Amino acid sequence: MVRLPTRLDRSFFDRGTLLVCRELLGKSLVRLDDRGRRVSGLVIEAEAYIGMEDLGCHAHAGRTARNASMWGPPGDAYVYFTYGMHWMLNFVTEREGFPAAVLIRGVAPVEGLRAMRRRRKGRPLADLANGPAKLCQAFRIDRHFDGHDLCQGTSRVFVEDRPPVPDEAIRSGPRVGLDPVPEPWRSMPWRYRIHPEHVRYLVIQEERDEIA
DNA sequence: AGCACGATTAACT
DNA sequence: GTTAATCGTGCTC
């Protein structure tokens with residue numbers, strides 16, 4: 001029997017951030033455009049940012065207009081602007097009032113490759129969404145989605161369930177880009193990614209819709 | 001009002 | 001390996 005993919009609901013995100021981060025790997029990030037067309041890809045890399053104690057987390061300096069979404073309910077988006085040109089997509093985790101989120105750092109394109117390539121100025125498949133700012137370009141995600149409820153039925157950005165990825169296919173290590181952050185936060189192994197060989201296998205399962 | 005910085009990327013040498 | 005791009009944000013004056 002064929003099961004239609006189901007959208008992850010709030011209970012998925014209302015758990016420990018490391019668990020959510022780990023389990024987001026292999027799920028499908030979906031973006032619907034204004035005509036209902038799908039751009040999608042499998043989450044292949046993600047990082048956890050957990051609470052005000054975590055000196056690598058934007059929440060550590062307290063709540064501001066920019067990072068307020070992190071204190072919101074699980075399943076909301078936290079989208080912020082950085083380096084004068086880049087947007088970053090996070091999913092808020094844990095109970096409302098506790099600031100934590102998972103940064104989506106990489107996606108393997110599956111649907112809407114043409115739209116992605118247009119938005120990414122004709123770059124090769126491998127460079128379409130293999131970075132936190134790149135995937136926001138490819139999926140056209142910006143401040144419009146900050147504080148947006150991704151679990152609501154009308155959301156144009158959401159995550160669809162997929163089978164769990166086995167532990168053997170997953171690597172973890174220190175988070176990226178935290179050079180000035182003091183230990184132990186700088187070295188916490190809160191970055192998770194799927195081994196490239198297994199990504200290849202998963203994408204084949206998805207039957208990618210267009211020729212590279 | 002001014003200023004330093006950034007959970008990055010692309011284009012260099 | 002290095003570095004410019006580019007600007008919203010948060011902090012200081």
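Just so we're on the same page: letters track the sequence lines, and every chain starts at 1. None of the values given here were measured: they were computed from a predicted structure. Only this structure's heavy atoms are used, side chains among them; waters, hydrogens and symmetry mates stay out.
Across the protein-nucleic acid pair, A/Arg119 atom CZ and B/dT9 atom P stand 17 Å apart, rounded to whole Å. The distance between atom CZ of A/Phe81 and atom C1' of B/dT9, rounded to the nearest whole Å, is 13 Å. Between A/His60 atom NE2 and C/dT9 atom P there is a gap of 18 Å when expressed in whole angstrom units. Put simply, CG on A/Asp142 is 18 Å from P on B/dT8, counting in whole angstrom units. Whole-Å rounding puts the A/Asn67 CG to C/dG8 P distance at 18 Å. In this structure, the OH atom of A/Tyr83 is 14 Å from the C1' atom of C/dG8, given to the nearest Å. Between the C1' atom of B/dT8 and the CZ atom of A/Arg105 lies a distance of 8 Å, rounded to the nearest Å. Computed from coordinates, the A/Arg123 CZ to B/dT8 C1' distance equals 13 Å when rounded to whole Å.
Here A/Leu103 lies in heavy-atom contact (under 4.0 Å) with a base. Within 4.0 Å (heavy atoms only), A/Met88 reaches sugar-phosphate atoms of the nucleic acid but no base atom. Residue contacts shown for A/Met188 are absent, as no nucleic acid heavy atom lies under 4.0 Å away. Within 4.0 Å (heavy atoms only), A/Arg63 reaches no atom of the nucleic acid at all. Backbone-only contact: A/Arg120 has heavy atoms under 4.0 Å from sugar-phosphate atoms and none from a base.
Considering only side-chain N and O atoms, A/Arg66 lies nowhere under 4.0 angstrom from the phosphate OP1 or OP2 of C/dC11. Applying the 4.0 Å criterion to OP1 and OP2 of B/dT9, one finds that A/His86 has every side-chain N and O outside that range. The shortest distance between the side-chain N/O atoms of A/Arg143 and the OP1/OP2 oxygens of C/dT9 is below 4.0 Å.
You'll find the ring centres of A/His58 and A/Tyr49 outside the 6.0 Å limit.
With B/dT8, C/dA5, B/dA7 as the choices, the nucleotide that has an atom nearest any side-chain atom of A/Tyr78 turns out to be B/dA7. In the set B/dA10, B/dT8, C/dT9, B/dA10 carries the atom at the smallest distance from any side-chain atom of A/Lys134. The side chain of A/Thr64 has C/dG10 as its nearest neighbour among B/dT8, C/dG10, B/dA7.
Two residues, A/Ala61 and A/Trp87, neighbour DNA chain C, and the one matched to the more 5' nucleotide by heavy-atom proximity is A/Trp87.
A/Glu47 places a side-chain N or O within donor-acceptor distance of the main-chain N or O of A/Val176, the cut-off being under 3.5 Å. Without hydrogens or angle criteria, A/Arg15 side chain to A/Phe12 main chain gives a donor-acceptor distance under 3.5 Å. For the pair A/Arg118 (side chain) and A/Ala138 (backbone), a donor-acceptor distance under 3.5 Å is absent.
Between A/Tyr49 and B/dA7, a base-stacking contact is recorded: ring centres under 5.5 Å apart, planes less than 30° from parallel.
A/Arg120 and A/Gln137 share a side-chain donor-acceptor pair at under 3.5 Å.
Taking the ring axis of A/Phe158 as reference, the NZ or CZ atom of A/Arg7 stays within 45° of it and closer than 6.0 Å to the ring centre.
The partner of B/dA7 cannot be assigned: no Watson-Crick or G-U wobble pair with both contacts below 3.5 Å exists in any strand.
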